[in-house]
Amino acid sequence: MLTVAALYHFTPFPDPEALKAPLAKLACSQGVKGTLLLAREGINGTIAGTREGIDAVLAHIRSLPGCADLVWKESTAAEMPFGRMKVRVKPEIVTMGQPDVDPLASVGHYVEPKDWNDLIAAEDVAVIDTRNDYEIEIGTFDGAVDPGTKSFRDFPAWWQDNKHRFHNKRIAMFCTGGIRCEKSTNYLISQGVEDVYHLQGGILKYLEDVPEADSKWQGECFVFDQRVSLGHGLRHGSYDLCHACRRPLAAADKARPEYEEGVSCHRCASEYSDADRARFRERQHQVDLARQRGTDHIGAILGGDKTD
């Protein structure tokens, strides 16, 4: 089994570009694949490889300025969930588009998974899912508010339009691994919300730590790699991926007339041009040929670096 490590850490990197090449070189030399995003605000990403390879990359990251106390979450994969190693420098490690947001200044109160159920059961608590609509569609917590956002950068506008709904409420927020809540809770604090909480370690830590019999989670958790979704105990889920739009697909979705493997699904059938479809079909043809030869085609296993 391969080890999959999901990580993020907010710390000032004055020159993230200088960190890119050494990190990429080490990861590639260790056979580690995935995506790591660097920005002036820190590092974020998910990588997969052997135990030894992951340990080497994590040791390197912990040696970077301010990263000695890096925390990460691990799961496993029977097959490599990424096609290659990508280290990219971006303006933000998770895109909210709010330049004044600073998780290093203040964040909401961390709530451990074992205490989360009691918090969200309280009558004066509003629970908000900060993820995107296609993620929420396949799983969320009982009673959680779905903002209906297509991108994390849409969250501030949603809050401004809906904050009146949460007057005199404590706000509990959650996301996949915790990074979006670092920014969303800081944003709410800047907007004058006093009692803000977020699930420490995110949904993944909750699914790992809380027994299924005691869980308030319904469905599966979307992840940004070829495993697509995870369930309780971080077991691999039941969803596949549309390789055109990279949204999750249930078995019933693949039976719909809009579905064409590698080309379209019911969500994206009207989103691409004929030229796009022709390109997707050629890619799928190459994937099929590689499959017949018993090899992997990179286009079939690339994990996205979309985290917003």
Side-chain angles (χ1 to χ4, degrees), residues 4 6 35 46 48 73 75-79 81-82 94 113 116-117 120 127-152 154-155 158 172-181 184 198-199 201-271 300-308:
V4 182
T35 297
T46 305
K73 291 172 285 298
S75 54
T76 59
E79 299 179 353
F82 299 102
V94 61
W116 182 249
N117 288 356
I120 66 175
V127 186
I128 300 176
D129 195 330
T130 66
R131 300 172 303 150
N132 302 329
D133 52 5
Y134 62 89
E135 300 173 78
I136 296 172
E137 184 177 328
I138 71 170
T140 191
F141 282 104
D142 287 343
V145 175
D146 174 6
T149 52
K150 297 187 180 301
S151 169
F152 186 49
D154 298 334
F155 183 84
W158 174 84
M173 309 172 85
F174 64 93
C175 58
T176 307
I179 186 171
R180 281 177 275 197
C181 288
S184 60
H198 60 118
L199 177 58
I203 301 162
L204 295 180
K205 189 61 175 173
Y206 182 92
L207 293 178
E208 181 180 15
D209 289 359
V210 176
E212 186 170 358
D214 301 329
S215 177
K216 299 299 184 183
W217 176 263
Q218 297 292 324
E220 299 177 16
C221 178
F222 181 84
V223 290
F224 292 92
D225 60 61
Q226 196 60 24
R227 295 172 300 171
V228 185
S229 66
L230 298 176
H232 287 90
L234 301 184
R235 297 187 299 269
H236 289 199
S238 61
Y239 285 81
D240 289 326
L241 198 68
C242 172
H243 287 281
C245 67
R246 307 205 66 79
R247 296 182 179 109
L249 297 174
D253 296 329
K254 292 160 62 175
R256 294 178 61 146
E258 302 96 332
Y259 176 72
E260 181 180 348
E261 185 179 7
V263 178
S264 66
C265 70
H266 65 285
R267 295 185 183 90
C268 69
S270 61
E271 293 180 356
I301 59 175
L302 282 179
D305 62 356
K306 179 178 173 58
T307 56
D308 59 348

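Put simply, the side chain of Ser184 gets close to the backbone of Arg180: a donor and an acceptor are under 3.5 Å apart. Ser264 contributes a side-chain N or O that, together with a main-chain N or O of Glu258, makes up a donor-acceptor pair within less than 3.5 Å.
Scored by the side chain to side chain donor-acceptor pair (under 3.5 Å) test, Thr76 finds no partners at all (sequence neighbours excluded). With sequence neighbours left out, Asp133 forms a salt bridge (Lys or Arg N to Asp or Glu O under 4.0 Å) with Lys150. The salt bridge (Lys or Arg N to Asp or Glu O under 4.0 Å) search around Lys254 returns Asp240, not counting sequence neighbours. In this structure Arg267 satisfies the side chain to side chain donor-acceptor pair (under 3.5 Å) test together with Glu137, sequence neighbours excluded. For Ala77, the side-chain contact (heavy atoms from CB on, under 4.5 Å) partners two or more places apart in sequence, or in a different chain, are Val4, Pro81, Arg227, His236. Residues meeting the ring pair (Phe, Tyr, Trp, His ring centres under 6.0 Å) test with Phe141, sequence neighbours left out: Trp116, Phe174, Tyr206, Trp217. Every residue meeting the side chain to side chain donor-acceptor pair (under 3.5 Å) condition with Asp129, not counting sequence neighbours, appears here in chain and number order: Arg131, Thr140. Qualifying side-chain contact (heavy atoms from CB on, under 4.5 Å) partners for Thr149, counting only residues two or more places apart in sequence or in other chains: Asn132, Pro147, Asp154, Trp158. In this structure, Glu79 has no salt bridge (Lys or Arg N to Asp or Glu O under 4.0 Å) partners at least two apart in sequence or on a different chain. Scanning for side chain to side chain donor-acceptor pair (under 3.5 Å) contacts around Thr46 gives an empty result, with sequence neighbours left out. Legend: residues meeting ring pair (Phe, Tyr, Trp, His ring centres under 6.0 Å) with Phe222, ordered by chain and number and at least two apart, are Tyr134, Phe224.
At a threshold of 4.5 Å between non-hydrogen side-chain atoms, the residues Cys265 and Asp253 do not count as touching. Tyr259 places none of its side-chain heavy atoms less than 4.5 Å from the side chain of His266. Here the side chains of Ser75 and Leu204 are not in contact, with every heavy-atom distance at 4.5 Å or above. Annotation: side chain of Ser229 is in contact with side chain of Ile138 (closest heavy-atom distance under 4.5 Å).
Counting all heavy atoms, side chain and backbone alike, His232 lies closest to Ser215 at NE2-OG, 2.7 Å. The shortest non-hydrogen separation linking Pro248 to Val228 is CB-CG1, 4.1 Å. Nearest heavy atoms, Thr176 versus Cys221: CG2-SG, 3.9 Å.
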Carefully, step by step, assess Leu249 and Leu241 under the rule side-chain contact (heavy atoms from CB on, under 4.5 Å). CA-CA 6 Å; Leu249 297 174; Leu241 198 68; over 6 Å; no
Walk me through whether Cys181 and Leu199 qualify under side-chain contact (heavy atoms from CB on, under 4.5 Å). CA-CA 8 Å; Cys181 288; Leu199 177 58; over 6 Å; no
Please step through side-chain contact (heavy atoms from CB on, under 4.5 Å) for the pair Cys175 and Ile203, ending with a clear verdict. CA-CA 6 Å; Cys175 58; Ile203 301 162; 5.8 Å; no
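Identified under the salt bridge (charged side-chain N to carboxylate O under 4.0 Å, His left out) test for residues 208-219, with sequence neighbours left out: Lys205-Glu208, Lys205-Asp209, Glu212-Arg235.
In this structure, CD1 in Ile120 is found 7.0 Å from CG in Asp142, a value given to the nearest 0.5 Å.
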